[in-house]
Visitor: 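Right, I'll just put the structure down here and ask away after.
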Amino acid sequence: QVRLFRHQRFGPSSERSSANQTQLNIGSVFNEAEAQAAPKAPEPELQTITYRRTKRSGRRMELKGLPVERVDYVLAAEAQTCPNCQGPLHEMRTEVHRELKIVPAQRVIVEHVQHLYACRACEKGGQTTPIVKAPMPRPLQSGSVASASAVAYVMAQKFHMGLPLYRIEQEFASEGIPLSRQTMANWILHCSQTYLERIYARLREELLGRRYLHADETPVQVLHEPQRRAEQVSYMWLYLSGRDGPKVALYDYEETRSGAHPRRFLAGFEGYLQVDGYAGYHDLPGVKLAGCWAHARRKFDEAVKALAPQRRQGETAAEEGLSYCNRLFAIEHQIRDASAEERRRVRERESGKVLSEFRTWLDEKAKEVLPQSALGRAVHYCLTQWPKLVTYLEDGNLEIDNNAAERAIKPFVMGRKAWLFANTPRGARASAVVYSLVETAKANGLVPRLYLEHVLSRLPNLDPQDKAGLEALLPWSDALPQEVRARA
């Protein structure tokens with residue numbers, strides 16, 4: 001335990017296996033050098049290069065799609081004479097040096113001036129004077145200087161780039177703009193609850209109609225929750241779509257880690273849910289759980305790291321268990337881009353054999369290892385999770401692990417290191433909505449800031465009953481303008 005703790009605290013966090021571990025094959029596990037050696041094979045011949053090559057410094061940047069600003073440097077007419085014979089010079093060729101120029105963002109005040117019109121005749125002789133206003137779009141927030149671009153910028157800085165509001169406040173202050181963090185927080189709350197929740201609700205409908213989902217959860221601290229201490233831990237839950245359609249990533253803030261929360265959020269969903277070993281996902285109606293081999297492999301990786309250095313030199317049961325997991329992942333790497341049916345066939349043919357051998361090995365080791373040792377916990381995890389771990393063989397649309405959900409929840413985890421906590425449950429729920437739109441936009445190849453600006457510029461003037469208009473704002477809609485899409 002001490003060795004494992006010291007490694008987790010001071011060692012590298014990578015779980016990558018060494019080259020020989022990824023190629024282990026049970027039956028000839030530790031004789032790879034002898035098995036692969038070919039003494040009579042000819043050595044590769046060296047080829048002599050007869051030309052000289054100029055070494056480039058640094059990596060060449062591909063700057064496609066950016067506007068080009070050209071600056072020409074030419075000789076004045078009176079200077080175009082030969083320094084030797086004083087004859088006229090002609091242009092032989094050009095040499096081009098390219099550099100990246102950064103133009104800082106501009107801050108502009110936009111005045112929306114609405115003109116009002118009245119009737120002169122009615123003013124003189126009529127009982128009432130009608131006043132006609134020129135049509136003007138509704139503001140994002142009445143009585144506020146908030147615009148779609150300003151709110152989208154603040155949201156992208158906080159929820160995409162991970163900057164806390166006080167740092168954004170400092171950025172604006174350095175430019176002479178007295179925009180307080182309280183004002184920006186009010187913008188986020190208002191726009192999230194008034195506008196973005198409409199998109200969020202539609203994305204949830206889409207999510208519940210899918211057949212393959214991932215789920216994960218992570219702690220979050222909320223200071224002012226009713227009848228709870230500030231030190232008590234709340235949770236941000238994540239639900240992510242699978243391979244059957246455009247990506248949807250939704251966050252859901254809840255006060256506890258109770259299994260009642262996924263049961264409520266996923267009400268109506270029927271299909272596969274890929275999760276880790278947490279029991280809170282058990283007994284969901286209409287849901288079949290699929291396990292995560294990345295978690296199973298991590299247990300054996302920890303068992304290897306917990307070994308004393310002198311014990312890592314020879315054959316160990318921890319490395320043997322890790323090699324089984326590596327063989328399963330090697331198969332998945334080969335069929336990563338294959339069709340669902342092809343993935344299912346390969347898994348049935350190749351992964352099924354490895355799993356059968358692995359299960360026999362686990363049953364034998366369960367009788368030999370100490371239950372509370374690192375290896376014992378790895379074996380116990382696999383045996384208790386086995387029905388869920390082998391579920392991925394049933395359908396090629398399922399993944400071998402739940403890493404997709406862990407990757408989707410990581411931006412929230414990284415942002416939490418900067419802003420540390422949420423102030424109120426209302427703010428935590430607003431954060432869940434904005435994070436959902438940001439991560440779903442990223443997963444569909446959009447620029448989060450530009451997508452949020454596009455959505456916020458249209459939702460204030462969109463009829464709540466206009467379903468077609470709302471569909472046009474979804475992250476995978478073909479109606480989205482080209483400028484909101486990320487350049488490849």
Side-chain angles (χ1 to χ4, degrees), residues 140-141 144 146 151-152 154-169 180-205 207-208 215-240 248-268 278 280-281 284 405 408-440 448 452 455-456 459:
L140 192 66
Q141 186 171 349
S144 170
V151 176
V154 171
M155 286 181 172
Q157 290 293 94
K158 177 175 172 61
F159 299 103
H160 182 204
M161 306 308 295
L163 289 178
L165 291 180
Y166 81 88
R167 292 186 188 173
I168 307 176
E169 179 185 38
S180 69
R181 70 193 77 173
Q182 291 79 13
T183 298
M184 290 185 283
N186 290 335
W187 288 0
I188 294 173
L189 289 171
H190 172 78
C191 291
S192 172
Q193 295 176 341
T194 309
Y195 306 117
L196 300 185
E197 283 192 0
R198 294 165 61 183
I199 301 286
Y200 182 90
R202 177 63 189 89
L203 292 176
R204 185 182 174 196
E205 290 180 7
L207 193 76
L208 297 181
D216 200 4
E217 74 289 333
T218 189
V220 60
Q221 188 176 1
V222 181
L223 298 183
H224 299 100
E225 291 179 303
Q227 301 178 352
R228 300 190 80 206
R229 301 189 312 275
E231 299 81 10
Q232 288 184 273
V233 177
S234 301
Y235 282 85
M236 190 69 79
W237 299 71
L238 170 80
Y239 303 93
L240 178 71
V248 180
L250 295 186
Y251 289 82
D252 179 44
Y253 159 75
E254 298 292 350
E255 292 184 350
T256 67
R257 204 186 181 194
S258 168
H261 303 312
R263 192 174 298 113
R264 174 196 58 79
F265 191 92
L266 296 176
Y278 177 51
Y281 297 105
L284 296 177
I409 206 170
K410 189 174 182 178
F412 174 83
V413 175
M414 299 301 293
R416 183 183 59 197
K417 292 183 178 180
W419 45 260
L420 300 180
F421 52 80
N423 191 41
T424 65
R426 183 169 169 242
R429 293 189 183 95
S431 297
V433 171
V434 182
Y435 265 117
S436 299
L437 266 67
V438 166
E439 292 306 311
T440 303
L452 288 171
V455 167
L456 291 173
L459 281 176

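Hydrogens, waters and symmetry mates play no part in the numbers below; they use all other heavy atoms, side chains included. Index from 1, following the sequence.
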Visitor: Evaluate the criterion side chain to side chain contact (heavy atoms under 4.5 Å, CB included) for residue pair Leu452 and Val151; output intermediate values, then yes/no.
Guide: CA-CA 8 Å; Leu452 288 171; Val151 176; over 6 Å; no
Visitor: Any Lys/Arg nitrogen of Arg264 or Asp252 sitting under 4.0 Å from an Asp/Glu carboxylate oxygen of the other?
Guide: yes
Visitor: Taking all atoms of both residues into account, what is the closest heavy-atom pair of Ala418 and Pro164, and its distance?
Guide: CB-CD, 3.9 Å
Visitor: Contact between Pro425 and Tyr253 at the side-chain level, heavy atoms closer than 4.5 Å - yes or no?
Guide: yes
Visitor: Measure the CD-CG distance between Glu197 and Leu459 for me, rounded to the nearest 0.5 Å.
Guide: 12.0 Å
Visitor: Considering all heavy atoms of both residues, which atom of Ala249 and which atom of Leu240 are nearest to each other, and what is their separation?
Guide: CB-CD1, 3.7 Å
Visitor: Could you check whether any side-chain N or O of Arg228 sits under 3.5 Å from a backbone N or O of Glu255, counting only pairs where one atom can act as donor and the other as acceptor?
Guide: yes
Visitor: Between CG of Leu196 and NE2 of His190, what distance do you get to the nearest 0.5 Å?
Guide: 10.0 Å
Visitor: Nearest 0.5 angstrom please: Glu169 CD to Leu163 CG, how far?
Guide: 13.0 Å
Visitor: Work out which heavy atom in Ser436 is nearest to a heavy atom in Tyr200; give both atom names and the distance.
Guide: OG-CE1, 3.3 Å
Visitor: With a 4.5 Å limit on heavy-atom distance, are the side chains of Thr440 and Ile199 in contact?
Guide: no
Visitor: Nearest 0.5 Å please: distance from the NZ atom of Lys158 over to the CZ atom of Arg181.
Guide: 11.0 Å
Visitor: Looking at CD of Gln221 and CG of Asn423, how far apart are the two atoms once the value is rounded to the nearest 0.5 Å?
Guide: 11.0 Å
Visitor: For a side chain to side chain contact (heavy atoms under 4.5 Å, CB included) check, start with the C-alpha distance between His261 and Tyr235, then their side-chain angles and the critical distance, and finish with the verdict.
Guide: CA-CA 10 Å; His261 303 312; Tyr235 282 85; over 6 Å; no
Visitor: Name the residue from Ile409, Val433, Leu437 that meets the side chain to side chain contact (heavy atoms under 4.5 Å, CB included) definition with Tyr251.
Guide: Ile409
Visitor: So, does Arg416 use its side chain to make a donor-acceptor pair with the main chain of Pro219 at under 3.5 Å?
Guide: yes
Visitor: Is any side-chain heavy atom of Leu140 less than 4.5 Å from a side-chain heavy atom of Thr194?
Guide: no
Visitor: Indicate yes or no for a side-chain donor-acceptor contact from Gln141 to the backbone of Cys191 under 3.5 Å, with no hydrogens or angles considered.
Guide: no
Visitor: Under a 4.5 Å cut-off applied to non-hydrogen side-chain atoms, are Leu189 and Arg426 in contact?
Guide: yes
Visitor: Are the side chains of Glu217 and Tyr281 in contact, using a 4.5 Å heavy-atom criterion?
Guide: yes
Visitor: A side-chain contact here means heavy atoms from C-beta on lying under 4.5 Å apart; do Leu266 and Leu208 qualify?
Guide: yes
Visitor: State the CH2-CG distance between Trp187 and Leu456, to the nearest 0.5 angstrom.
Guide: 11.5 Å
Visitor: Classify the ring geometry of Trp237 against Tyr278: parallel below 30°, tilted from 30° to 60°, perpendicular beyond 60°.
Guide: tilted
Visitor: Is there a side chain to side chain contact (heavy atoms under 4.5 Å, CB included) between Glu439 and Leu238? Walk through the geometry before answering.
Guide: CA-CA 11 Å; Glu439 292 306 311; Leu238 170 80; over 6 Å; no
Visitor: Donor-acceptor pair, distance only, cut-off 3.5 Å: does the side chain of Arg204 make one with the backbone of Phe265?
Guide: yes
Visitor: Heavy atoms only: give me the nearest Ala428-Met236 pair and the separation to one decimal.
Guide: O-CE, 3.9 Å
